[in-house]
Amino acid sequence: MATGSNTVRIAVLPGDGIGTEVSDATLAVLEPLARRHGIGLATETLPAGAFHYQATGEGFPEASFQAAKAADAILLGAMGWPGIRQADGTEIAPQLDLRVRLGLYAGVRPVRAIPGVPVALADPRARGIDLVLVRESTEGLFHSRGTGLVTEDLAEETLRITRATTEKLSHFSFRLAERRAARRGRKGRVTLVDKANVFRAFAFMRGVFDGVATQYPGVDSGHHYVDAMALDLVRRPWAWDVLPTENMFGDILSDLGAGLVGGMGFSPSADIGDEHAVFQPAHGTAPDIAGQGVANPTAMLLSAAMMLDWLAARGAGERFAEAAGELDAAVDAAFGAGLRTADIGGRDGTAAVVAALRGRLGG
Ligand SMILES: NC(=O)c1ccc[n+]([C@@H]2O[C@H](COP(=O)([O-])OP(=O)(O)OC[C@H]3O[C@@H](n4cnc5c(N)ncnc54)[C@H](O)[C@@H]3O)[C@@H](O)[C@H]2O)c1
C-alpha cells in the first residue's frame with residue numbers, strides 16, 4: 001500500500017447514468033470527511049462503461065484497468081445501458097471483468113436497517129436487521145459466463161465450486177463474523193447458504209466450509225438451504241449474521257435483502273480479494289431516473305465507508321477506520337433526523353443528501 005504519508009490512491013470508475021451522479025456525490029462527501037480526519041484520498045477518475053464503448057468500441061480500456069489495479073482501492077459507480085450492446089447481444093460489464101481479473105472472490109453485501117428508512121416488514125424486530133451476505137463472485141454458476149454451450153436445441157452453463165476459493169470465502173466469512181461480533185459485543189454466527197441436499201457440488205462446498213469452521217471455535221457455524229433462506233430472509237431476517245453463498249444464490253438473495261431495508265439506493269457492496277477490492281453500490285445505472293438529480297447516493301456513500309474500513313484493516317491507519325465509522329454514523333443520523341430520498345417516497349434529491357452529510361461533517 002502506497003501509504004506512509006497517510007495518503008491512499010483511489011481509482012474512481014463513475015461509469016454510466018446515475019453511476020456518475022452518485023460518484024460525484026460521494027466524492028463531495030468524502031472531501032470534508034478526509035479533511036476532518038487528516039487522511040489523504042488521492043482520486044483518479046478513469047473512463048469505462050457503456051457510453052465509452054459506444055464512443056470508442058472499448059467498454060473497459062486496458063489503461064483504465066491497469067490504473068485501477070495499481071491503485072490502493074477502486075470506487076465504482078455503475079456501468080451498462082440497456083440500449084448499448086455488444087455483437088453477441090450482451091451488455092458490457094467491466095464490473096464483472098474486475099471481479100475475475102483481480103480475483104475478487106468475496107462479494108460483501110450488508111443488509112442493515114437504517115434509522116428512519118422504511119423497512120419492508122411490519123414486525124418491530126425488522127428495525128434490527130443487520131446481516132451480511134458474502135457472495136462468492138468468481139465461480140459458481142457464473143463460471144462459464146460468456147462461454148456456455150448453445151446449440152439449436154439446448155443451452156448449457158457449468159457451475160464450478162473449488163476447494164481453494166471455498167476455503168478463502170469461508171475464512172473471510174469467519175473473520176468478518178469475528179470483527180462484527182467484537183463491534184457489537186455478541187457472539188458471531190456464520191451460516192453457509194447452499195443446496196447440498198440435491199447437488200454434489202454443494203455437498204462438497206459444505207464439507208470444505210465445515211473444515212474451515214473448526215478453526216473458529218469462537219464463532220457459531222451452520223448451514224441453510226437456499227430455498228429455505230429465501231423464506232427466512234422474509235420471515236425472520238433479524239435472526240442472521242454472516243451468510244456466505246454461491247455466486248448466483250448471492251446475486252438473487254442480495255436483491256431480496258436490499259428490498260427489505262429500503263431498496264437498491266441503500267445497498268452498498270464490496271468485492272474483495274487477497275490484494276484488491278472494488279467498492280460500489282449494488283444498484284445499476286437506473287436509466288429511468290438518470291439525469292434528473294433524484295438518484296439516492298446512500299448506497300455508494302456506505303460503500304465508500306466500507307472502503308475506508310478495508311483500507312484501515314490493510315494498514316492505512318486507524319484514522320481511516322474512524323472516518324468510516326463517522327460516515328456510517330452521519331448517514332444514520334441524517335435519515336434518522338428526517339432526510340427522505342425519492343426512492344422512499346421523499347422529496348430529497350442527490351444534492352440534498354450531499355448537503356445534509358456535508359453539513360454533519362463540517363463541509
Ligand atoms: N454493478 C453495476 O454496474 C450494475 C448492476 C446492475 C445493473 N447494471 C446495469 O444498469 C442498467 C440498468 O439496470 P436495471 O434497471 O436492471 O437496475 P437498476 O439498479 O439500475 O435500477 C432498478 C430500479 O431501481 C431504481 N434505482 C436504482 N438505484 C437507485 C438509486 N441509487 N436511487 C434511486 N433509485 C434507484 C431505478 O430507478 C430502477 O427503477 C443496465 O444496463 C444494467 O446492466 C449495472
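Both ligands and their constituent atoms are indexed starting at 1 by order of listing. Just so we're clear, the structure is a prediction, and the values are computed from it rather than from any experiment.
- Under the 4.0 Å distance rule, the nearest protein heavy atom to atom 24 (O) of ligand 1 falls outside the cut-off.
- What sits closest to atom 39 (O) of ligand 1 on the protein, heavy atoms only, is D288 OD2, 2.7 Å.
- In this structure, the separation between CE on M229 and NE2 on H223 is 11.5 Å, given to the nearest 0.5 Å.
- For the residue pair S144 and E157, a side-chain donor N or O sits within less than 3.5 Å of a side-chain acceptor on the partner.
- Stacking of R85 on the aromatic ring of Y53 is not recorded, the 6.0 Å distance cut-off and the 45° axial limit not both being met.
- By the 4.0 Å heavy-atom criterion, V22 is excluded from the residues contacting ligand 1.
- Within ligand 1, counting atoms from 1 as listed, the ones closer than 4.0 Å to a heavy atom of W81 are 41 (O).
- The CD atom of E156 lies 5.5 Å from the CG atom of L149; values are rounded to the nearest 0.5 Å.
- Of the protein's heavy atoms, none falls inside 4.0 Å of atom 14 (P) of ligand 1.
- We find the CD-CG distance between E275 and D72 to be 11.5 Å, quoted to the nearest 0.5 Å.
- Below 4.0 Å from some heavy atom of G80 lie the following atoms of ligand 1, by number and element: 41 (O).
- Of the inter-residue distances, the one linking T341 atom OG1 with D348 atom CG reads 7.5 Å to the nearest 0.5 angstrom.
- Taking CG of L27 as the start and OG1 of T45 as the end, the distance is 6.0 Å to the nearest 0.5 Å.
- The nearest heavy-atom contact from the protein to atom 41 (O) of ligand 1 is E91 OE1, 2.6 Å.
- Relative to atom 10 (O) of ligand 1, the option among N296, D271, T285 with the closest non-hydrogen atom is T285.
- Between Y216 and F174, the angle of the ring planes stays under 30°, which puts this pair in the parallel group of the 30/60° scheme.
- Ligand 1 places these atoms under 4.0 Å from at least one heavy atom of Q280: 1 (N).
- A tilted orientation is assigned to the rings of H224 and W240, their planes being inclined by 30° to 60°.
- Under the 4.0 Å distance rule, the nearest protein heavy atom to atom 37 (O) of ligand 1 falls inside the cut-off.
- Using a 4.0 Å cut-off to heavy atoms of I18, the atoms of ligand 1 that qualify are 28 (N), 29 (C), 30 (C), 31 (N).
- A salt bridge links K195 and D227; the closest N-O separation between the charged side-chain nitrogens and carboxylate oxygens is under 4.0 Å.
- Within ligand 1, counting atoms from 1 as listed, the ones closer than 4.0 Å to a heavy atom of A286 are 20 (O), 36 (C), 37 (O).
- For atom 27 (C) of ligand 1, the nearest non-hydrogen atom of the protein is H283 CB, 3.6 Å.
- Residue contact check: A78 has heavy atoms under 4.0 Å from atoms 3 (O) of ligand 1.
- Between D130 and the choices R112, R183, R125, R180, the salt bridge (Lys or Arg N to Asp or Glu O under 4.0 Å) rule is met once, by R180.
- Here the CG atom belonging to L102 is positioned 4.5 Å from the CZ atom belonging to F65, to the nearest 0.5 angstrom.
- Residue contact check: P287 has heavy atoms under 4.0 Å from atoms 12 (C) of ligand 1.
- Protein heavy atom nearest atom 9 (C) of ligand 1, with residue, atom name and distance: M79 O, 3.4 Å.
- In terms of protein heavy-atom proximity, atom 2 (C) of ligand 1 is nearest to Q95 NE2, 3.4 Å.
- Counting protein heavy atoms under 4.0 angstrom from atom 4 (C) of ligand 1 gives one or more.
- In terms of polar-atom proximity, G265 is not counted as a contact of ligand 1, lacking any N or O under 3.5 Å from an N or O of the ligand.
- Side-chain rings of F266 and F335 approach one another, their centers coming within less than 6.0 Å.
- Considering both main-chain and side-chain atoms, G284 comes within under 3.5 Å of ligand 1 through a nitrogen or oxygen pair.
- Closest protein heavy atom to atom 35 (C) of ligand 1: I289 CD1, 4.0 Å.
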